[in-house]
There are 2 protein chains.
Amino acid sequence: MNASRTARERARAELTREIKEEARRQLAEQGAQKLSLRAVARELGMVSSALYRYYPSRDDLLTALIIDAYDALGETAEAAAAAAEEPRARWRALCHAVRGWAVAHPHEYALIYGSPVPGYQAPRATIEPAGRVALALAGVVRDASPPDTGDELPEGLAAQAGQVAAAAGLDMPLTVLVRALVAWTQLFGMIGFELFGHLVGSADPADEFFGFTVERMADFIGLPALPASRTVR
Amino acid sequence: MNASRTARERARAELTREIKEEARRQLAEQGAQKLSLRAVARELGMVSSALYRYYPSRDDLLTALIIDAYDALGETAEAAAAAAEEPRARWRALCHAVRGWAVAHPHEYALIYGSPVPGYQAPRATIEPAGRVALALAGVVRDASPPDTGDELPEGLAAQAGQVAAAAGLDMPLTVLVRALVAWTQLFGMIGFELFGHLVGSADPADEFFGFTVERMADFIGLPALPASRTVR
DNA sequence: CGAGTATAGAGAGCACCGCTCTTGACAGTG
DNA sequence: CACTGTCAAGAGCGGTGCTCTCTATACTCG
């Protein structure tokens, strides 16, 4: 009886996965706007209404894709950070990994870091995976334990940074944490600009510009320069 | 006969304007995705097919709105830069003006700096207005004539910067120009993160964070600190 | 001034969309 | 075997962008 029940559930899990796969395919081909339940169903050889047994609405399907994207990007970032030793090398690896993922999955990147889908409110479930990259970034900085930068932090900003540090268990100078926050927005700003074509007239292709900026961000945070081989990359 | 001809054309221009106005209203209320030709026509008391005499497609209407948005933001930026004297004050004013416009017109901002509409290719006509903000930014930096930062620029990046400088008539050290480019992406990255809710768990409200970052960017580029009153803002 | 023409909006219609409700088939259970 | 819960299917609703045809009207010119 347990086996039979599992059989049904297996079929269900299988189809759920296939739906998501097909949806991701369409997402990659034509973007989130054009993602249509009917088209997904058509491609899967089923009728549109049947899809609603798996995802109660188009937005719910989108949410599933969003969570998957956050998780995939987060995992990429964590793996890159774990693969290097030196703080600056880890920083570089992480930044380039994030960019690499974004370039490889532009539509999924746009889904999570582009303009939010109007009327769509990101559910609670997306918050945790959304924080993974930022956490990985902050972790790299913390492990490098750079010195206090001496910035004068406005009261409210210091309080916000304190809360972040407490919530994430990040034991580091608040000035460094705030600078890491700045670098965080810089990283995604640059990637977004590249992906969305705003660099076309200036720094496109953006490889060298990206590499340059990553180094300046590392300087900005106070990560030590690499000891031996000083590949500027 | 010229007057009569003008009469017809006037009516046409009037309606064109009204269509754009109504479209902008809907854009501001519900975002680009929900912008519907039928709804615009309904609100204007005409039939949907009649709209096609004014804009051949929904995308063309969107293009008109995009150009308007770029122009509005560019004008805001230019005005802010012109209203101050000291380089750092001009820099501050410009950055805060851009952010202010973005916060006041989130959907229009998302339209131009969010994920591009899939399948939609920005026509040539958008390029020039799109560059206005960047040009205003670069102008402020050039007028401050900060010294060469001494960065080692990779070959390709230096070439790209040289082309930009030549095309825009910006006579300044390439290292400074590249750093201004970095700050440019930083500025929009931060604004985008704030608008799209990515700062919610960390630096939200973002006023102080934004102010802090603007100052660090000014430092980064090499803009001199304000002489007398050193309001950190 | 009157005939002809260009331009305007109206309306029907096509193919698609998200989503709902009902119906009939089927598997698993007592 | 009868029952129950799950599933896909189908029809249908109101909406979308867009096209086509038709008619009324404003303008132009002989």
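In what follows, chains carry the letters A, B, and so on, assigned in the order in which the sequence lines appear, proteins first and then strands, with residues in each chain numbered from 1. None of these values were measured; they are calculated from a predicted model. Atoms considered below: every heavy atom in the structure, side chains included; atoms not considered: hydrogens, waters and symmetry mates.
A:Asp60 and A:Ser57 share a side-chain donor-acceptor pair at under 3.5 Å. No hydrogens or angles considered: a donor-acceptor pair under 3.5 Å links the side chains of B:Gln186 and A:Thr185.
Computed from coordinates, the B:Leu44 CG to C:dG9 P distance equals 10 Å when rounded to whole Å. At whole-Å resolution of the value, NZ in A:Lys34 and P in C:dC17 are 10 Å apart. In this structure, B:Leu51 places its CG atom 11 Å from P of D:dC18, rounding to the nearest Å. As a whole-Å value, the separation of A:Glu14 CD from D:dC7 P is 15 Å. In this structure, OH of B:Tyr52 is placed 14 Å from C1' of C:dG13, rounded to the nearest angstrom. What separates CG of B:Leu37 from P of D:dT19 is a distance of 11 Å, to the nearest Å. Remark: P of C:dA10 and CZ of B:Arg53 are 11 Å apart, rounded to the nearest angstrom. Note: CG (B:Asp60) to C1' (D:dC18) measures 13 Å, nearest angstrom.
Under the 30°/60° scheme for interplanar angles, the aromatic rings of A:Phe193 and A:His198 are found to be tilted. Ring planes of B:Tyr70 and B:Tyr113: perpendicular class, angle over 60° (limits at 30 and 60°).
The line from NZ of B:Lys20 to CZ of B:Arg17 is 9.5 Å long, rounded to the nearest 0.5 Å.
The side chain of A:Arg12 lies closest to D:dC7, out of C:dC19, C:dG9, D:dC7. Nearest nucleotide to the B:Arg42 side chain, out of C:dC17, D:dG15, D:dC18: D:dG15. Comparing C:dA10, C:dG18, D:dA9 by their nearest atom to the side chain of A:Ser36 picks out C:dG18.
Looking at heavy-atom distances under 4.0 Å, A:Tyr54 makes contact with sugar-phosphate atoms alone, never a base. Residue B:Ser48 is in base contact, counting any heavy-atom pair closer than 4.0 Å across all strands shown. Residue-level contact check: A:Leu35 touches the backbone only, with heavy atoms under 4.0 Å from sugar-phosphate atoms and none from bases.
In this structure, A:Arg216 fails the cation-pi test against B:Phe220, since its NZ or CZ atom is not both closer than 6.0 Å to the six-membered ring centre and inside 45 degrees of the ring normal.
Looking only at side-chain heavy atoms (C-beta outward), B:Phe209 and B:Ser202 stay at 4.5 Å or farther from each other.
Looking at residues 15-26 of chain B, you'll see that no heavy atom sits under 4.0 Å from any atom of DNA chain D.
Along DNA chain D, the nucleotide closest to A:Met46 and the one closest to A:Arg38 are compared, and the more 5′ of them pairs with A:Met46. When each of A:Ala39 and A:Ser49 is assigned the nucleotide of DNA chain C with its nearest heavy atom, A:Ala39 is the one assigned upstream, toward the 5' end.
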